[in-house]
Amino acid sequence: MLLIDCPWCGSRAETEFSYGGEAGIVRPADPDALSDAEWADYLFNRTNPRGAHRELWNHAQGCRRWFGVERDTVTYRIARSFTLPDAAGAADGGVERDFETGDPTDAEPGDRR
Amino acid sequence: MSETIERRHGLEAFVAATESVGGARVEIDVLTGRGFLNLRLDPRKGNGLETAARALNQPLPLTANTFTTGEHRVYWCGPDEWLIETDEERATRLGSDLAKALADCHAAINDVSSGHVALGIAGEDARTVLAKGCTLDLDPREFGPGQCARTGLAKATVLLAVADDAAGYTVIVARSFADYLCRWLANAARPHGVRFPVP
Amino acid sequence: MKRYSALSLVRNALDYNRSWQTAWRSPEPKKSYDAIIVGGGGHGLATAYYLARDHGIRNVAVLEKGWIGGGNTGRNTTIVRSNYLWTEAALLYEKSMQLWEGLSQELNFNVMFSQRGVYNLGHSLQDMRDIERRVNANRLNGIDAEVVSTADLKRAIPSLNTSPDARYPILGASLQRRAGVARHDAVAWGFARAADALGVDIIEQCEVTGIDVRGGKAVGVETTRGPIASDRIGVVVAGHASALARMADLRLPIESHPLQAFVSEPIRPVLDTVVMSGAVHGYISQSDKGELVIGAGIDAYNGYGQRGSFPVIEHTLQAIIELFPAFSRVRMLRLWGGIVDVCPDACPIVSKTPVDGLYFNCGWGTGGFKSTPGSGWVFARTMAHDEPHELNAPFSLERFTTGALIDEHGAAAVAH
Amino acid sequence: MTGAQPNRLPTGGRVDRSRPLGFRFDGNALQGFAGDTLASALIANDVQLVGRSFKLRRPRGIVGSGAEEPNAILQIGEGATAQPNLRATQVPLRDGLVARTTRGWPGVRFDVGAINDTFGRLLGAGFYYKTFMYPRAWWKLYEHAIRRSAGFGAAPTAPDPDCYEHMNAHCDVLVAGGGPAGLMAALTAAKSGARVILADEQNEFGGGLLACTDQVDGAPAAEWVAAVVDELGDCADCTLLPRSTVFGYHDHNFLTIAERCRDHPDGSADAFSATNRPAAGDDSTAGRQHDPRNGRTAKGPDDHPDSGAAAGHHQDTVQPVKERLWRIRARQVVLAQGSFERPLVFCNNDRPGVMLASAVSTWINRYAVLPGRRAVVFTNNDSAYRAALDLTEAGAEVAAVVDSRRGGAGELGRKALDLGIPVLQGHVVSDVAGRQRVSGASIARWAGDGWATVKPTMRIDCDLVVMSGGYSPAVHLHSQAGGQLDWDESQLGFLPAKSVQANVSAGAGNGKSSLAECLADGVRAGAETVSKLGLEPSPIEAPAAGNIDENPIEALWRVPAVRDADRCPKQFIDFQNDTSVADIKLAVREGYRNVEHVKRYTALGFGTDQGKLGNINGMAVLADILGKSIPEVGTTTFRPAYTPVSFGVGAGESVGELYEPVRKTAIHEWHEAAGAPMEVVGQWHRPWYFPRDGEDMHAAVARECLAVRNSVGIMDASTLGKIDAAGPDVVEFLERIYTHDVGLMKVGRCAYGIMLGEDGMLMDDGVMARRGEHRFYLTTTTGGAANVLDWLEKWLQTEWPELQVYLTSLTEHYSTIAVAGPHSRRVLDKLGCDIALDNESFPFMRMKPATLAGIPVTLFRVSFSGELAYEINIENSLALAMWEKLMDAGREFEITPYGTETMHVLRAEKGYVIVGQDTDGSVTPVDLGMNRLLSNEKDFLGKRSLRRPDCLREDRKQLVGLLSSDARTVLPEGTQLIDEAGSLARGHRRAKRPAWRGSQLGHRSREPIPMCGHVTSSYQSACLGHPIALALVAGGQSRKGATIHAALPGRDPLPVEIVAPVFYDAGGQRQHV
């Protein structure tokens, strides 16, 4: 069971979260301008990498915020989690995890303990 | 006319049917008379935060996983979400006061009193019982008085809080899950001896 | 290839088993082949076999980065069935079913295909509507299927909890009697031995590291054992399709997820059929050795780790006990994970690609094992004729562009 | 020695001779002592034969003393509490225990199946792949016969009466294994201030220390253990978990432990009984137990929650917990699981009476039983000399120590010589005699070539052969965690190498062999982990223990025999699965060269012991055959579970009524009291129909339908999802989500809205209402409630964070009561409503806040039945009262409660779809004839997909109504539709062709018959007096009036007419009155 850093609530067990797939898939601004193939690429094609993967998670049983996680799809190690850009377009730098101690290495974002 | 109608939390039958045990190490209490308001507000924008605090006569907690206690309890639920626990009869009024005060802000206030059931879990084995279904670290050093968390308990989502006086835990659960959660709690607590105080 | 039989066992026993032939050779890779199959799982080996048997293409290499049958072929719960909802899927799996039915004899290798029946349980009115719909469609498609009542289930599977008081009471089930289970490793080995006998080179410990594309045409592959040329390259690498596609600058509508399974300690025979439940997420059969073979759900996140999260296993155990309360005291022996490539419509891609001479067979999700011979059969045909067979034509890459998806999610809510 | 227990030593051991325990083994009444395991008690009673091997059915005895035991796989208990496949070495003896052997027919002693051994050559590795193929149809018979010999024990046939539970815990340091290294690691960590959990699979901490004769810190080892456990118990933050196996090391330092709460060391009579124990029943007796309620360790029973008098008086109703699953998140882990001794691979090494040296020492020192009187000890390393010394000390004769090494052993060898034990250096045991019990050993010279043939130089009579092939560190958890393994050529074993998670290994599991080294390594590991946690390691010194000279182990993987490996008597590697050296040779000969192929082909390591004894030997033999080194051949990847765990403990308490939450509406108890059967809709229980006396469902539904159409009905629609959407950008947001022009809605208006997935398929639907300029109230389907909210939030948060909208779920706050029918307005009026309800003042598709019977509510004039109707949204806490008031007020109109079934009929009469029933994820709004809901003025989710070629096909399946030609037949939902009746007949004709090649069941596949659609909803309409159906039919919208056919199983196809999907009040007047 993964231990996931919610940027708002802190480290919680995987069972509190729901998975949202690859991060950074931007909805085309003008879908009508797209060919069927381009639309299909947006709709269905995924990077699906072996290794580092930027993905979305939702803290479903906690603050219900969506946020990003950079996770290795082979080792399942989480390098960091990060908030998504808000209205102002700003996102934080994320939480890096030290896997020796299992603790976040830097100051924690937000005001969480 | 509504004053004459007794409000129901839906657990009346369950509590009545559940035998208590003397000398129990866990007490499970259905906390009646509570009203709940859900407040959404961006604390970084405008003066909504101060306005809300003024209307509530107590600050909104900005520290994750904490709550403030005053006339009401205000639980942090997320970076722009709070749950206000107050007296049942005050909830409607407080809700409209808040709504009025925050009319100029981007905020949302909803009375969700009937959507929640609050349970008190106390007794020396309360923590053990909760640990059977909750993945949070409930050690008082990690999760002590004044702290709260929305989390999972068994197969329900709950808001779990430790009272300031450490007298026990408050578990706030969605109403339709309350019956299940009580059954789960009763089962988990049974080996420890469990008591359901008669309201 | 010396044939296997009871007589051959006796003959070899007299010789203290010292004269058995090798099941397949370990040749050095040649510089070029008429066709290359990337991936030595059941599907790849079957493809090579049918290329050689049916299409006269025998100068074929199967390139396997590890050991044959070491991926999902050897990691699944071995269920074989063809009772899919949509005609396109049903006919493809039914083709496979028909090949399964003669496979041991065809390959002269006992794959232990055991037609012990598969029950798909219904726990709600909607489940039962879906079951009726699927069973009716199956029958019209020429596939054996029937709806059975709770009373029938109680008779057929005494240990099943058919109580109306269950949390999700069982309201009935579909039954495909011809469905069943097979011995997974034997499928890979059997196809390997038969393909080898027809001249196919099975090359293990040979990882493909690049696909050479010139002028829009595939011309060969780079491997850890040197370059190998071929103008006909079929990629059948469950769990790694996206990575191989990237080598040819292709993007696939696939996500890879961990899928877990486990077996119990061997117990005396107690379940002589296969039971699947979408609503409570579990499926179970009992092997000839006595192990309960149980499939769990797919982990939600992308993963290539061949392991998943333990709560998924807990949930499956709860489901199994819900279905079979008496199994509570049986013990879980071994737990493992595979990697399933999942398409948005829960159907595979068996297709030409924008690159000439490059073919992909992937995205089988949880349906890979049961389709092994059929998948190889249509893929061989597609590679040989540069044109899909009518059975796999609907499973093209283009369907994601045109929108002609074959949505088996409804019928495949549970992994299988 | 006592007569009852012929092999029991008069003194010593950790058994309590004052507490005899009676038990039964295969029907024989036997006796052991408290403190025994079942295995030690069997040996005490001179029981040699405990099982039969899986394939060859060879007689087998106890080989090991712990988790590695492959042979003593027994059925324990009877009836519903029987437990199959327990290892006798891990079952604490208790009074009244009933154990049975699990293999052999008619019995373990005389087994007809033993004929397999006679024909063993026919049954080489993988023989079953080569036969049973012809004739094809016979496989069923072959398989039937094969299955008859499947399995060891049997599952109970009744539901498990016992309780299990889960427990979550967090710690700084989890120590797995409570032997010398684990104890020291735990002590070091605990003294340094870390939160520690120490788990050990045995009843008592101490591991190997309980079975040795060494001194630690000048005291007997067991006394030292007791002192350390006491000290740990005094640490505030140390939790001790005996009887607890760490069986899984998962990602992110999550570990799972199975605690057997009732395996008591005192062997008390009630340990397994469900009723006789104090309440919590788990771990209240001897030793120190974790008391999780305050993070401290409680001492003794009085301090435990289970045992107080308080708990006493409900003991007959409370089930004690049988097993507990600990789900542990550890910041650091110390793995100190010890090591497993390896057997030696010689002919007939599986005979009862051939035992591991470590097991022999354990029997003697810990359990005070003597497994033989005259022993031959065979070894390639020093450790087996301990067994020789122990045997001699206990009064047995050691006929010889046969040591393959020319130089023999170090200090222990000298001790053996001092005691007069003959030592044959440079020799091996090449074969043993005896069938159901060892009777002698053949000794041969060892020239260093395992594949040579040898001639025995002597035979020694004996009743015990003790073997030691060296030790394999138990690296299971390290490997499960993803850690690498390194082959150590000097120790001949895989040692834990680089960890990828936060764990370190210690002690014998880390390749340390002497006690002193293990103790010191434990201290090191403890200090290392606390340092990583940022704590100052407490300065603890490893206690003093003897460090003796040892000579190095020698590689001896296959012992030479009189003939080559193919022809000599079997040399077993995997006892349980009968994998021999010859099998591995055969596998290689046939091309199965990869270690994974070999394992799968020969079943090596696939037994219930998971190769704890045999895997390394098997790999070494394979390496030998291939001429490779062992690391070249590869390593094993270890997967959970370390030892088997019961399904029950994995499931925990979430079984039965706690399997999944049952969600209930605020009016649920009224429905129950009214006798309504419940329909399970996801997690909800909803009333299905409300039968009156003697009514079946059809009668009840017909009555309910007519009541709504003719008078008034009332329904609990509370399970619908409800969402408050508010904010300055709410219109823009909803425009993007819903397909219609949301902005055109005026305040107070309701609209039916649908949302699509980005693939253009219908996802959910519901009525929405505009509550204010910037505020909407959305409803969703019951099943879609959670998904829709998540879906909306995902778009809002990830894609459109610039939109200022807040979404709040109100599903749990409000009940929705639908009052439907021509008299609904009069019911509300009668109840007293503070707003005018007439059609002018409160027309269709409006919402208004109101006060009804003095209670504030929100009224929606919407209708899912096509009748005049009101949906009353009311706070849950008052909902039941409101329902009752409505029932009262409606009495004069015979207000009729109705359930989901009637709701379905009513909406189907109106052609309203149910998402998930009339749609299936492949249906667009165009297919449903909802084009008018699709705005041309804006983009919305999924819109672009509707332009894809496949979505523009005219022959897509489209929603239509169907009328049965006979006006009687209610088409079963799920019926498939075909264009021509003839196609079915033709299909049947074709079916007379020969069966498909290879079909074993005589199934005759047919040419597929094209289907043009299927029935999604179908009911008898009471008010219309005939059946109606909704269907999806290819090109159906342009085929109104056409006749197609319903392919009814077992019947002739029934002609059905395609009609518009609205059967009742097509003009929609009734809801507008």
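In what follows, chains carry the letters A, B, and so on, assigned in the order in which the sequence lines appear, proteins first and then strands, with residues in each chain numbered from 1. Just so it is clear, the values below take in all heavy atoms, side chains as well, and ignore hydrogens, waters and symmetry mates.
- The closest donor-acceptor contact from the side chain of C:Arg331 to the backbone of D:Asn85 lies under 3.5 Å.
- Counting only distance, with no hydrogens or angles, the side chain of C:Arg134 and the backbone of D:Gly974 share no donor-acceptor pair below 3.5 Å.
- Looking at D:Leu586, only its side chain comes within 4.5 Å of chain C, counting heavy atoms on both sides.
- Contact of D:Asp759 with chain C is not made at all, since no heavy-atom distance falls under 4.5 Å.
- Distance CZ/D:Arg589 to CH2/C:Trp20: 11.0 Å, rounded to 0.5 Å.
- A side-chain donor-acceptor contact under 3.5 Å links D:Lys140 to the backbone of C:Gln115.
- Proximity to chain C is absent for every atom of D:Arg947, based on heavy atoms less than 4.5 angstrom apart.
- For the atom pair CD (D:Glu679) and CG (C:Leu125), the distance works out to 4.0 Å, reported to the nearest 0.5 Å.
- Looking at residues two or more places apart in sequence or on another chain, you find a salt bridge (Lys or Arg N to Asp or Glu O under 4.0 Å) between D:Arg147 and C:Asp288.
- Residue contact with chain C, scored on non-hydrogen atoms closer than 4.5 Å, involves the side chain of D:Asn594 exclusively.
- Each of C:Leu7, C:Asn12, C:Val280, C:Thr22 has some count of heavy-atom pairs under 4.5 Å with chain D, and the biggest count is that of C:Thr22.
- Chain D forms the most heavy-atom pairs under 4.5 Å with one residue out of C:Gln205, C:Arg193, C:Gln126, and that residue is C:Gln126.
- Using modelled atom types, no side-chain atom of C:Gln318 and backbone atom of D:Val655 make a donor-acceptor pair closer than 3.5 Å.
- In terms of heavy-atom pairs under 4.5 angstrom with chain C, the leader among D:Glu323, D:Arg567, D:Met1011, D:His166 is D:Arg567.
- The pair C:Arg129-D:Glu973 meets the salt-bridge criterion, since a charged nitrogen lies less than 4.0 angstrom from a carboxylate oxygen.
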For this session: Please test D:Glu143 against C:Arg116 for salt bridge (charged side-chain N to carboxylate O under 4.0 Å, His left out), starting from the C-alpha separation and ending with a verdict.
Result: CA-CA 11 Å; D:Glu143 191 181 35; C:Arg116 49 187 57 251; 3.0 Å; yes

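- Side-chain rings of D:Tyr592 and C:Trp189 approach one another, their centers coming within less than 6.0 Å.
- For the options C:Ser124, C:Ala186, C:Gly74, heavy-atom pairs under 4.5 Å to chain D are most numerous at C:Gly74.
- Contact of D:Ser945 with chain C is not made at all, since no heavy-atom distance falls under 4.5 Å.
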For this session: Take C:Tyr168 and D:Gln683, measure what side chain to side chain contact (heavy atoms under 4.5 Å, CB included) needs, and give me the verdict at the end.
Result: CA-CA 9 Å; C:Tyr168 292 108; D:Gln683 290 180 319; 4.2 Å; yes

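- Heavy-atom distances place no part of D:Pro677 under 4.5 Å from chain C, backbone and side chain included.
- A distance of 9.5 Å separates CE of D:Met133 from CG of C:Leu107, quoted to the nearest 0.5 Å.
- When each of D:Tyr659, D:Phe152, D:Trp688, D:Tyr134 is scored by its heavy-atom pairs under 4.5 Å with chain C, the top score falls to D:Tyr659.
- When each of D:Pro640, D:Ala155, D:Ser922 is scored by its heavy-atom pairs under 4.5 Å with chain C, the top score falls to D:Pro640.
- Salt bridge present: C:Arg329 and D:Asp162 bring a charged side-chain N and a carboxylate O closer than 4.0 Å.
- Chain D forms more heavy-atom pairs under 4.5 Å with one residue of C:Glu132, C:Arg3, C:Lys289, C:Glu291 than with any other, namely C:Lys289.
- To the nearest 0.5 Å, the span separating NZ on D:Lys130 from OG on C:Ser8 amounts to 7.0 Å.
- For the atom pair OG of D:Ser654 and CG of C:Leu317, the computed distance is 11.5 Å after rounding to the nearest 0.5 Å.
- Heavy-atom pairs under 4.5 Å with chain C were tallied for D:Tyr128, D:Phe254, D:Phe119; the largest tally goes to D:Tyr128.
- With hydrogens and angles ignored, the 3.5 Å screen pairs a side-chain donor or acceptor of D:Arg121 with a backbone N or O of C:Ala13.
- For D:Ala80, the part lying under 4.5 angstrom from a heavy atom of chain C is the backbone only.
- For D:Ser149, the part lying near chain C is the backbone, with the side chain staying farther off; criterion is any non-hydrogen pair under 4.5 Å.
- With a 4.5 Å cut-off on non-hydrogen atoms, D:His904 touches chain C through its side chain but not through its backbone.
- Atom-to-atom distance recorded for C:Glu314:CD and D:Leu325:CG is 5.5 Å, nearest 0.5 angstrom.
- Heavy atoms of D:Leu952 lying under 4.5 Å from chain C are absent altogether.
- For chain C, the nearby part of D:Arg148 is the backbone; its heavy atoms alone come within less than 4.5 Å.
- Only the side chain of D:His250 comes within contact range of chain C, with heavy atoms under 4.5 Å apart.
- If you measure heavy-atom distances from D:Asn577 to chain C, the contacts under 4.5 Å come from the side chain alone.
- Taking every heavy atom of both residues into account, C:Leu333 and D:Phe606 meet most closely at CD2-O, 4.4 Å.
- Residue contact with chain C, scored on non-hydrogen atoms closer than 4.5 Å, involves the backbone and the side chain of D:Asp566 alike.
- Highest contact tally toward chain C, considering only D:Ala82, D:Gly248, D:Ala603, is held by D:Ala82 [criterion: heavy-atom pairs under 4.5 Å].
- The closest side-chain heavy-atom distance from D:Thr608 to C:Pro266 is below 4.5 Å.
- Counting heavy-atom pairs closer than 4.5 Å to chain C, the top residue among D:Gly153, D:Ala641, D:Gly760 is D:Gly153.
- Looking only at side-chain heavy atoms (C-beta outward), D:Trp139 and C:Phe113 stay at 4.5 Å or farther from each other.
- No other option in C:Ala6, C:Ala137, C:Ala90 has as many heavy-atom pairs under 4.5 Å with chain D as C:Ala137.
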